[in-house]
Number of protein chains: 2
Amino acid sequence: MGRNKELNELMKDERKQQIFSSALKLFATRGLASTKIADIAQDAGFSQGLVYHYFKSKDDIFIQLIKMAFTQLNSAAKQLEHFDLPHLQKLKIAYESMMDGLVHHEDAALTHLLIATSSASESIPDEARLIIDEQYFFPYEVIRRIIEAGQTDGSIVSKNSRDLALLFWSTIRGLSIYRATHHDTFVVPEVESFLAMFRNKE
Amino acid sequence: MGRNKELNELMKDERKQQIFSSALKLFATRGLASTKIADIAQDAGFSQGLVYHYFKSKDDIFIQLIKMAFTQLNSAAKQLEHFDLPHLQKLKIAYESMMDGLVHHEDAALTHLLIATSSASESIPDEARLIIDEQYFFPYEVIRRIIEAGQTDGSIVSKNSRDLALLFWSTIRGLSIYRATHHDTFVVPEVESFLAMFRNKE
DNA sequence: GTCTATATCCAGATAGAC
DNA sequence: GTCTATCTGGATATAGAC
């Protein structure tokens with residue numbers, strides 16, 4: 001009985017994961033409005049009615065995905081900040097690991113894409129907008145703090161740190177979008193070219 | 001008679017412009033699927049039935065807007081290439097004029113946003129996808145040629161020119177997206193910070 | 001040219017059998 | 001838990017009056 005219950009719980013999680021996985025792919029590449037519940041169900045391999053056994057609505061799935069996306073990104077940012085590394089190296093690691101995600105981990109690439117496109121959209125559920133507004137700037141602040149630390153020790157250029165953090169994330173977001181439509185030919189730009197915006201050369 | 005006809009033509013163009021203007025705003029910020037014909041008509045200030053007097057479908061409006069967006073961007077790129085300026089200066093001018101557009105010209109900002117989000121979307125009309133596929137790389141090639149010329153004369157770093165062009169446009173696209181949701185607080189990053197990716201410091 | 005009314009279709013969500 | 005059938009609402013596009 002206890003065993004069966006646990007098994008059911010597992011199955012339930014399994015199903016939810018399938019739905020999340022299909023929904024992430026479709027929402028990121030086609031958008032919320034163009035993705036039908038039937039598309040998600042079909043991609044996951046079962047009937048569309050079943051989706052409603054696990055989620056109460058399409059918006060509900062979307063909101064939870066947004067929540068997960070920011071949780072992932074922001075916990076990665078938090079980790080990064082506490083690494084014991086020279087400040088410029090942190091920027092390097094951040095770039096390299098995100099680029100590795102874009103190239104080798106489909107879900108990571110889709111998560112970046114979802115964040116980039118959903119943040120810019122005015123047609124998402126209110127609750128999703130709330131989450132974005134609350135969490136959007138955390139990675140900017142982390143990068144900004146790293147930059148300011150690097151400026152103190154002279155390893156990073158003495159430009160406006162807000163500007164530099166904005167350039168950092170704009171470039172990452174732009175690359176995520178490019179990668180979405182051109183994964184077949186996408187080649188990660190050399191990290192040194194990217195880092196040139198931040199490295200202090202004097 | 002001839003005069004009336006011309007007047008009608010002008011009125012017709014006027015109406016079409018209103019529709020284009022409203023549709024650009026809505027498609028760029030909310031996406032094709034989430035934008036209703038009724039929204040466009042309401043924004044333009046007339047009934048929804050009238051839209052069909054000027055366009056045959058919602059997709060039709062979208063396709064024409066995509067066409068116009070790329071025409072603008074690509075003719076600007078073409079112009080840039082033929083300016084009589086040092087190569088690095090061309091990159092500077094390109095950045096500055098696009099940033100000026102983002103800050104001061106709503107339509108320019110919306111056009112950049114439309115390109116950034118539509119290019120990444122898999123749920124656009126086939127004809128729009130065709131246009132994008134045909135025209136997308138032209139600005140990349142222009143920037144790449146400018147970079148290679150700058151590398152020849154030593155003003156631009158000797159990194160892979162394809163990488164650099166990709167970084168150029170990714171950053172611009174990322175900034176366009178950021179600006180869309182944060183125009184109130186958007187401050188253009190100093191051009192020198194951006195140019196650091198390209199400038200040859202030896 | 002412009003509006004109102006409506007036919008038609010499609011997608012989200014629910015009901016209920018198994 | 002899973003499926004099929006269906007209710008319902010909303011959006012595109014058309015018809016037709018003015």
*Asks:* In whole angstroms, how far is the P atom of dA11(C) from the CD atom of Gln48(A)?
*Replies:*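 Rounded to the whole Å, the gap is 10 Å.
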*Asks:* Nearest whole angstrom, please: distance from the P of dT14(C) to the CD1 of Ile37(A).
*Replies:*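 Roughly 11 Å, once rounded to whole Å.
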*Asks:* Measure the distance from CG on Asp39(A) to P on dA13(C) and round it to the nearest whole Å.
*Replies:*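 Distance, rounded to whole Å: 14 Å.
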*Asks:* Rounding to an integer number of Å, can you tell me how far Gln42(A) CD sits from dA11(C) C1'?
*Replies:*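 Rounded to whole Å, this separation is 14 Å.
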*Asks:* Rounded to the nearest angstrom, tell me the gap between atom CG in Leu32(B) and atom C1' in dA11(D).
*Replies:*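 One finds 13 Å between C1' of dA11(D) and CG of Leu32(B), rounded.
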*Asks:* Got a second to check how far Ile66(B)'s CD1 is from Ser119(B)'s OG, nearest 0.5 Å?
*Replies:*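 The CD1 atom of Ile66(B) sits 6.5 Å away from the OG atom of Ser119(B).
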*Asks:* dG1(C) phosphate, OP1 or OP2: any side-chain N/O from His53(B) under 4.0 angstrom?
*Replies:*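 His53(B) to dG1(C) OP1/OP2: side-chain N or O found under 4.0 Å.
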*Asks:* Check whether any side-chain nitrogen or oxygen of Tyr52(A) sits under 4.0 Å from OP1 or OP2 of dA15(C), and answer yes or no.
*Replies:*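 Result: no.
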*Asks:* With rounding to the nearest 0.5 angstrom, report the CD to CD1 distance, Glu127(A) to Ile63(A).
*Replies:*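 Reported to 0.5 Å precision, the distance equals 4.0 Å.
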*Asks:* Kindly indicate whether a cation-pi arrangement holds for Lys90(A) with Phe83(A), taking the cut-offs as under 6.0 Å to the six-membered ring centre and within 45° of the axis.
*Replies:*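 Lys90(A) over Phe83(A) ring: no.
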*Asks:* Please pick, from dC3(C), dG1(D), dC3(D), the nucleotide with the shortest atom-to-atom distance to any side-chain atom of Phe46(A).
*Replies:*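 Given the options dC3(C), dG1(D), dC3(D), the side chain of Phe46(A) is closest to dC3(D).
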*Asks:* Base, sugar-phosphate, or nothing for Thr35(A), non-hydrogen atoms under 4.0 angstrom?
*Replies:*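 It contacts sugar-phosphate atoms only.
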*Asks:* Within the structure shown, what part of the strands sits under 4.0 Å from Leu50(A) by heavy-atom distance: base, sugar-phosphate, or nothing?
*Replies:*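 Result for Leu50(A) = base.
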*Asks:* Tell me the interatomic distance from Phe62(A), atom CZ, to dG12(C), atom C1', rounded to whole angstroms.
*Replies:*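 Atom-to-atom, Phe62(A) to dG12(C), this comes out as 17 Å.
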*Asks:* Rounding to a whole Å, what distance do you find between Lys36(A):NZ and dA13(C):P?
*Replies:*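 Taking atom P of dA13(C) as the reference, NZ of Lys36(A) is at 15 Å.
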*Asks:* Side chains of Ser170(A) and Thr171(B): any donor to acceptor distance under 3.5 Å?
*Replies:*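 Per modelled atom types, Thr171(B) and Ser170(A) side chains form no pair under 3.5 Å.
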*Asks:* Find the distance Ile61(A):CD1 to dA11(C):P and express it as a whole number of Å.
*Replies:*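 After rounding, the reported distance stands at 16 Å.
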